[in-house]
Structure formats: C-alpha cells, structure tokens
2 protein chains.
Amino acid sequence: MSLSQTFQALSEPNRQKIIDALKKREMPVSEIALNLNITLPTLSHHLDILKRADLISGRREGQQIIYSLNLSVVEEVAEKIAKFLTTDTKFRSTD
Amino acid sequence: MSLSQTFQALSEPNRQKIIDALKKREMPVSEIALNLNITLPTLSHHLDILKRADLISGRREGQQIIYSLNLSVVEEVAEKIAKFLTTDTKFRSTD
DNA sequence: ATAATATTTAGATAGGCATCTAAATATCTA
DNA sequence: TAGATATTTAGATGCCTATCTAAATATTAT
C-alpha cells in the first residue's frame, strides 16, 4: 500500500467514522451503519476501500459480517505517516 | 483544517514530493518544479492546496516566490493523525 | 422449500479534481 | 519603457469517486 493510497483511504469523512467506530470494538455492518447517514451499498463501498487498504478485515458470522480494525497495520501506517511528516532530511545521508 | 481536508491535501503524490523537497530546505517554485513532471500551472495549483491546508507558506523574493514548510503545523498534523490512528477508545470516557 | 434478514454487486449519475494551454500579473534588467 | 523571467489565473477536458436504486447472493428460520 502506497502512502498516497493510504491517505486517500483515510481522507473520506465516512471512512474516518467507520475507523472511529471500529476502534471501540469490532461490529457488524448493520451496527456501523447506525453512525452514518449513507445507504448500505455506499457503506459497503467504503468498507471495500478500507479493506483494500488493509486497514480493516471482515469475517462472516452467520448472516452478519463482522468488521474489525487491523490494529498492527494501523500502527504501521501511523508510524509511516509520522516518519513522512516529521523526519528532518536536512542532515540525513541519501539512504 | 479538518482531518479529512488534511488527509486529502496529503493524498496526492506530487504534493507529497513537494513536501519532501521542502523538508530539506525552502526553495522557489522553479526549483520545486525540477522534481516533478507537471507544468507550472499544475504545480501552482498544488502549492495553493498545500497553502490552504496551512502546510506551507510562500514569500516573494524579487521575481521568485520562496516556499517553505510550516514546521509547527506539520508537527501538529502529525500528532493529530497519530492520535486518530492509535488512540484506543475502548476504555475512554466520552470526552 | 419459502420467506426473512444481512450484505454485496451492477449500473447510472453528479460533482470534484488533476491536468493542460493560453493569457495575465509581477518583478527585474537593459 | 521594453523585454525577459517567474508565477498565477482562466477556462476547458477527462477521469475518478461518492452516491443512489434495483437486483443478486448468502444465511437463517419457519
């Protein structure tokens, strides 16, 4: 996943709300939907984007599909972004 | 600046390259342009977006306009993003 | 098997965005 | 004041994306 694609995945307000919800605990689509004012197909689309960015995962449990944050990936992303934004390159060799 | 707008400003590869260049040192548009395969009007457009996101500033020096990173803002943004991505809300009160 | 529930897929649409060329503005130099 | 250099603004175009409705798929319950 490139940094651009990650930023893009994170740049949509509904997707941020999805992540915020999943930070609390894993939950099915129907429950995520309660926090958002979009139709289920639109939500499904956003879940797909976050899945393709590897930020979340879904597993089926009966009729429901339970989504959860990929915590280790999210942490890696946080580090990657922090490095991009804060690393001072003034005195670094070209590594 | 909302988190969404910040992510969006950072999600474009050319804008990331601009930030990367300005991490080294401030420089005029003409020098930034050397790193990118886009026309000057397109570059101007990207600089405008980064300026509106308050991530960079430009000052005129003669014929040139020198752009530089707003270091304090960039640091704040890094913290904001880190908080968004890593803060576990499971056991937080609703503050 | 049928009906009900949960979610995704298909297909269409509207708005946003990155890009370009051409022209305008600002500054410096001769 | 011209002409040259640096950058931005104007206007157009094509692609990407968020959104919707309708239909399809998957699972459970009757």
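By convention in this document, chain letters (A, B, ...) are assigned in the order of the sequence lines, proteins followed by strands, and residues within each chain are numbered from 1. None of the values given here were measured: they were computed from a predicted structure.
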Sidechain-backbone polar pair: [X] side chain, [Y] backbone, donor-acceptor under 3.5 Å:
X: B:R15; Y: B:A9; result: yes
X: A:T86; Y: A:A82; result: yes
X: A:S11; Y: A:Q8; result: yes
X: B:Q64; Y: B:I66; result: no

**Study point:** Distance below 4.0 Å between B:Y67 side-chain N/O and D:dA6 OP1 or OP2
**Key:** no
Review point. Hey, is the side chain of B:S30 poking within less than 4.0 Å of OP1 or OP2 on D:dT5, counting only N and O atoms?
Key: no
**Study point:** Side-chain ion pair, A:K17 and A:D20, N-O less than 4.0 Å
**Key:** no
Review point. How would nucleotides 20-30 of chain D be written as a contact map, 5' to 3', with B for base contact, S for sugar-phosphate-only contact and - for no contact, using protein heavy atoms under 4.0 Å?
Key: BBB---SBS--
Distance in angstrom units between [X] [atom1] and [N] [atom2], rounded:
X: B:L43; N: D:dT9; atom1: CG; atom2: P; result: 13 Å
X: A:H45; N: D:dT19; atom1: NE2; atom2: P; result: 7 Å
X: B:I66; N: D:dT8; atom1: CD1; atom2: C1'; result: 16 Å
X: B:L36; N: C:dA18; atom1: CG; atom2: P; result: 14 Å
X: B:Q64; N: D:dT8; atom1: CD; atom2: C1'; result: 15 Å
X: B:I18; N: D:dT7; atom1: CD1; atom2: P; result: 13 Å
X: A:L47; N: D:dT17; atom1: CG; atom2: P; result: 17 Å
X: A:E31; N: C:dT7; atom1: CD; atom2: C1'; result: 15 Å

Touch check for [X], heavy atoms < 4.0 angstrom, all strands: base, sugar-phosphate only, or nothing?
X: A:I49; value: sugar-phosphate
X: A:H46; value: sugar-phosphate
X: B:D48; value: nothing

Review point. Within a strict 4.5 Å, meaning less than it, do heavy atoms of the A:L36 and A:H46 side chains meet?
Key: no
Revision key, fill the gap. Numerically ordered, the residues 2-13 of chain A set in heavy-atom contact under 4.0 Å with DNA chain C is none
Which atom pairs, one a donor and one an acceptor, fall under 3.5 Å between side chains of residues 48-55 of chain A and the rest of the protein, sequence neighbours left out?
from, atom 1, to, atom 2, distance (Å)
A:D48, OD2, A:R52, NE, 3.1
A:D48, OD2, A:R52, NH2, 3.0
A:K51, NZ, A:Y67, OH, 3.2
A:D54, OD1, A:N70, ND2, 3.4

**Study point:** For B:T39, all residues meeting side chain to side chain donor-acceptor pair (under 3.5 Å), sequence neighbours excluded
**Key:** B:T42
Exercise for review: Answer with yes or no whether the side chains of A:Q16 and B:S4 bring together a donor and an acceptor at under 3.5 Å.
Suggested key: yes
**Study point:** Flag for B:Q5-B:S2: side-chain donor and acceptor within less than 3.5 Å
**Key:** yes
**Study point:** Qualifying residue, where the test is side-chain contact (heavy atoms from CB on, under 4.5 Å) with A:L10 and the options are B:I81, B:T6, B:L10, B:L85
**Key:** B:L85
Between N or O atoms, less than 3.5 Å apart, protein on one side and nucleotides 11-14 of chain D on the other: list the pairs.
none

Check your understanding: Is there any side chain to side chain donor-acceptor pair (under 3.5 Å) pair reaching into residues 28-38 of chain B, and which pairs are they, with sequence neighbours excluded?
Key -> B:R25-B:E31
